[in-house]
Amino acid sequence: MYPVLRKILFNLDPERAHRLASGAARLAQTVTPFAVDSAFSFAHPSLHTEIFGQHFTNPIGLAAGFDKNAVLLPFWKNIGFGFVEVGSVTANRSRGNKRPRAFRLPDDEAIINRMGLNNQGAERIVRRIRRYSSMPAFPVGVNLAKTHDAGIEGEAAVEDFCKSFRLLAPFADYITLNISCPNTAKGRTFEDPNALDDLLTAIDREKQELHRRIPVLVKFSPPITDKFVLDSLIDELIMVSLAHGASGFVATNTASDRQHLTSDQMLVESIGAGGLSGPPIESRSTRLVRYLYRKTEGKLPIIGVGGVCSAETAYAKIKAGASLVQLYTGLVYHGPGLVRQIKKGLVDLLAEDGHSAIGKAVGEDA
Ligand SMILES: Cc1cc2nc3c(=O)[nH]c(=O)nc-3n(C[C@H](O)[C@H](O)[C@H](O)COP(=O)(O)O)c2cc1C
């Protein structure tokens, strides 16, 4: 059924298609939640896992950016995701960049976007998350970013992040600090060791004020090079994160460059700036997962994201060291049935390798 729906959706501008699909999902989650649930359900004990002291019924999650405003949480659970990361949420509401700002590259099953952190703002979004914070066995992570406003910089940028943290951390199962958004080029980036140090120092203070323990993860960009030797910037960012007791990492965000594309070059050039996602970044993201796993000797959970569109690509991330896996672009090209397909395939792959539980495969190829 999705191939037919996809044809209709792909005739529309990607953002309109996203709005239409989200509207249909919203209807489904209120009108026919049980029908959706049974059509997509697949559970298996080998997929259960325990991360950050929380139970996940399966390791496949929705990546940040798809449900920025947390409007579809029951729907994601009903189509079989094991968890979801909402956001990026910023302290102030933001309309994002001018349209058009999302583009498909069908020949590569990829997307280029420069959404620019459009979202309804922390105060509005927290009200929705509160309502679902007790949804059983369905961890909800919240991805935070700095408000897309170049005028907010220095200490104000750190305070902007902290404001969102104060509002959302009491109700989130984990927090991801999005320091790697490629679409806010005019704003200050926190993918700089000193800036990250300032940010994490402030977040440490916020954590002490909080009356509960909250895992805080840091989300990185994919490495520029495909070679295993990574630049020292990554090492510095890892060191700073570890010095502040980060609970884990999310690897990776979209890529700013245009490597590994087969699409018509004129088409790619006509799109202009933006973050590339989907299969063209798959191997680089997996490489960073492996690098992080080795650097941290497998002690910290890693969420692997980038180009996951099959059980095999999800399993590759897990074997490289990811305890959990997320996807975004794969969902656009393959539809909601992909989640069930990946889970079923993972059960088979685990059995082939003689593993009784997903946790046993984590880092096997690191
Ligand atoms: C249209 C779009 C919007 C995104 N928005 C965000 C965002 O707001 N925050 C964030 O951390 N990542 C965002 N991402 C990045 C994804 O979370 C993910 O890291 C990246 O797309 C790689 O995964 P994929 O290849 O499965 O899409 C966005 C991706 C896309 C395609």
Side-chain angles (χ1 to χ4, degrees), residues 13-19 21-22 60-70 81 83-90 94-97 99-105 108-122 125 141-148 161 164 174-184 189-191 217-222 249-256 260-261 271 274-286 288-289 302-310 313-314 316-317 322 324-334 338-339 342:
D13 158 75
E15 213 173 325
R16 273 196 77 188
H18 188 271
R19 257 206 320 276
S22 299
I60 308 301
L62 180 76
F66 206 110
D67 191 5
K68 290 174 187 285
N69 299 313
F81 276 114
F83 68 108
V84 58
E85 189 168 311
V86 299
S88 292
V89 180
T90 60
S94 171
R95 287 187 190 284
N97 291 324
R99 294 179 199 194
R101 52 193 182 177
F103 310 85
R104 297 182 202 97
L105 296 174
D108 288 298
E109 295 200 351
I111 293 176
I112 291 176
N113 92 84
R114 49 171 176 271
M115 301 301 289
L117 297 172
N118 55 310
N119 75 102
Q120 294 173 345
I125 295 170
V142 180
N143 177 305
L144 304 181
K146 183 191 85 82
T147 299
H148 186 187
F161 248 113
S164 301
Y174 70 88
I175 292 283
T176 296
L177 301 176
N178 177 10
I179 60 161
S180 48
C181 178
N183 300 316
T184 52
T189 167
F190 282 94
E191 235 173 3
L217 286 74
V218 181
K219 184 167 181 179
F220 291 135
S221 300
F249 299 102
V250 183
T252 66
N253 213 318
T254 54
S256 301
H260 303 300
L261 288 178
I271 289 171
L276 173 68
S277 59
I281 68 164
E282 194 252 331
S283 66
R284 277 192 284 166
S285 302
T286 305
L288 185 57
V289 168
I302 299 163
I303 301 182
V305 51
V308 171
C309 56
S310 62
T313 45
K317 293 250 191 291
L324 299 167
V325 170
Q326 294 175 332
L327 54 98
Y328 183 139
T329 306
L331 197 63
V332 172
Y333 282 91
H334 300 274
L338 179 64
V339 185
I342 291 178

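Atoms within each ligand, like the ligands themselves, are counted from 1 in listed order. Since the structure is predicted, the reported quantities are computational estimates derived from the model, not experimental observations.
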Answer with yes or no whether the side chains of [Y] and [X] bring together a donor and an acceptor at under 3.5 Å.
X	Y	result
Ser88	Asn178	yes
Thr90	Asn119	yes
His334	Glu109	yes
Thr313	Ser310	yes
Thr176	Lys219	no
Ser277	Thr329	yes

At a 4.0 Å threshold, what atoms of ligand 1 neighbour a non-hydrogen atom of [X]?
X	value
Lys68	5 (N), 7 (C), 8 (O)
Gly278	25 (O)
Lys219	10 (C), 11 (O), 12 (N), 15 (C), 16 (C), 17 (O), 18 (C), 19 (O)
Val305	18 (C), 19 (O), 22 (C), 23 (O)
Asn143	10 (C), 11 (O)

query: To which of Ser277, Gly65, Cys309 does the heavy atom nearest atom 6 (C) of ligand 1 belong?
result: Gly65

query: Should one rank Ala251, Gly307, Ala64 by closest heavy-atom distance to atom 14 (N) of ligand 1, which comes out on top?
result: Ala64

Identify the closest protein heavy atom to [atom]: which residue and atom is it, and at what distance?
atom	result
atom 7 (C) of ligand 1	Ser88 OG, 3.5 Å
atom 30 (C) of ligand 1	Asn113 ND2, 3.3 Å
atom 1 (C) of ligand 1	Tyr328 OH, 3.2 Å
atom 27 (O) of ligand 1	Thr329 OG1, 2.6 Å
atom 20 (C) of ligand 1	Thr254 CG2, 3.8 Å

- prompt: Under 30°, 30 to 60°, or over 60°: which ring-plane class applies to Phe190 and Phe161, parallel, tilted or perpendicular?
  reply: perpendicular

So which bit of [X] gets within less than 4.0 Å of ligand 1, heavy atoms only: side chain, backbone, both or neither?
X	value
Asn253	both
Glu282	neither
Thr252	backbone
Asn178	side chain

message: What's the separation between atom CG in Leu117 and atom CG in Asn97, rounded to the nearest 0.5 Å?
response: 8.5 Å

Quick one, [X] and [Y] - any side-chain contact, counting heavy atoms below 4.5 Å?
X	Y	answer
Leu177	Leu217	no
Ile175	Leu144	yes
Val250	Val218	no

query: Do any nitrogen or oxygen atoms of Leu327 lie less than 3.5 angstrom from nitrogen or oxygen atoms of ligand 1?
result: no

query: Is it true that Ala102 lies under 4.0 Å from ligand 1, counting heavy atoms only?
result: no

